[in-house]
Amino acid sequence: VVSCNAMIKLYAQQGDLNRARNIFESTPQTNAVSWSSMITAFAANGYLEQAKSTFDRMPRKNEVSWNAMLQAFAEVEQLEASLAVLQRMPLHNVVSLTSMISGYAQEGDVLGAKAVFDTIPEPDGIAYNALVGAYMKAGVLQEARELFQIMPEKNVVSWNAVITGYAENGEALQAKELFFEMTKRNVQSWNAMICVSQQLGRPDEAIAILELMPLHNAVSWNAAVEALASNGETAAAEKLFQKMPQKE
RNA sequence: CACGCCCG
């Protein structure tokens with residue numbers, strides 16, 4: 001069963017749902033992990049109906065499967081459906097409520113996000129990060145920053161949420177400032193700086209960052225290409241695009 | 001081996 005579940009996950013990551021489903025259906029003794037994996041697999045590939053019917057057919061639903069279903073609705077902004085799941089599930093936890101927060105965040109509903117957050121007895125770092133993200137998404141920069149300042153433990157995601165939030169709201173300099181204050185940065189932090197360079201009209205800086213950063217991914221390359229292209233460096237953008245690795 | 005937070 002365990003190896004079947006691992007294969008479901010693998011095929012789902014490749015978007016090969018037919019194979020994932022075949023494995024699932026030929027798994028001898030499906031367990032809760034098999035079912036949840038399949039629900040998530042469908043949802044992650046945009047098959048919400050399939051996710052739902054799998055969930056409905058699941059014999060002994062547990063907390064993870066309820067949460068997976070809730071998240072499946074929340075991530076496509078079907079908040080009414082998410083709420084219905086939340087109300088129907090036997091018991092919800094911080095994971096369920098954090099999914100709701102990110103659902104409200106996507107809608108730009110800060111009040112909804114905050115209201116859910118306030119019902120969490122012991123919010124963890126992820127819940128805080130989700131609320132910071134909700135504030136940033138809605139452009140409520142001051143609230144976001146204040147929450148970031150007072151939150152108990154900040155990880156790299158917390159920092160990135162604020163940095164990219166500033167960047168997306170046109171506060172390129174604030175984003176830069178925080179980036180320099182960060183001690184542990186990941187690819188996403190660096191990618192945010194490429195976007196900042198683009199905003200500041202500094203394609204040269206974008207390239208410098210791309211070369212300087214300790215690790216890239218496909219987003220880094222695309223962001224750098226866009227930084228060039230959007231700042232009138234069409235030829236250089238084209239050249240960089242061709243230099244881009246096939247797989248990263 | 002399954003669920004929630006950040007970059008195009």
- The contact string for nucleotides 1-6 of chain B, one letter per nucleotide 5' to 3', using protein heavy atoms under 4.0 Å with B, S and - for base, sugar-phosphate only and none, comes out as BBBBBB
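The shortest heavy-atom contact between D56(A) and K61(A) is O-NZ, 3.6 Å.
Taking atom CE of M193(A) as the reference point, atom C1' of rG8(B) lies 15 Å away to the nearest angstrom. Spacing between atom CD of E171(A) and atom P of rC7(B) amounts to 18 Å, rounded to whole angstrom units.
Under 3.5 Å, the side chains of W35(A) and T54(A) contain no donor-acceptor pair of N or O atoms.
Using a 4.0 Å cut-off between charged side-chain N and carboxylate O, R145(A) and E171(A) make no salt bridge.
Side chain of R185(A) to main chain of W190(A): no donor-acceptor pair is present (N/O by atom type, distance under 3.5 Å, no hydrogens or angles). Between the side chain of Q198(A) and the main chain of S230(A), no donor-acceptor pair closer than 3.5 Å is present.
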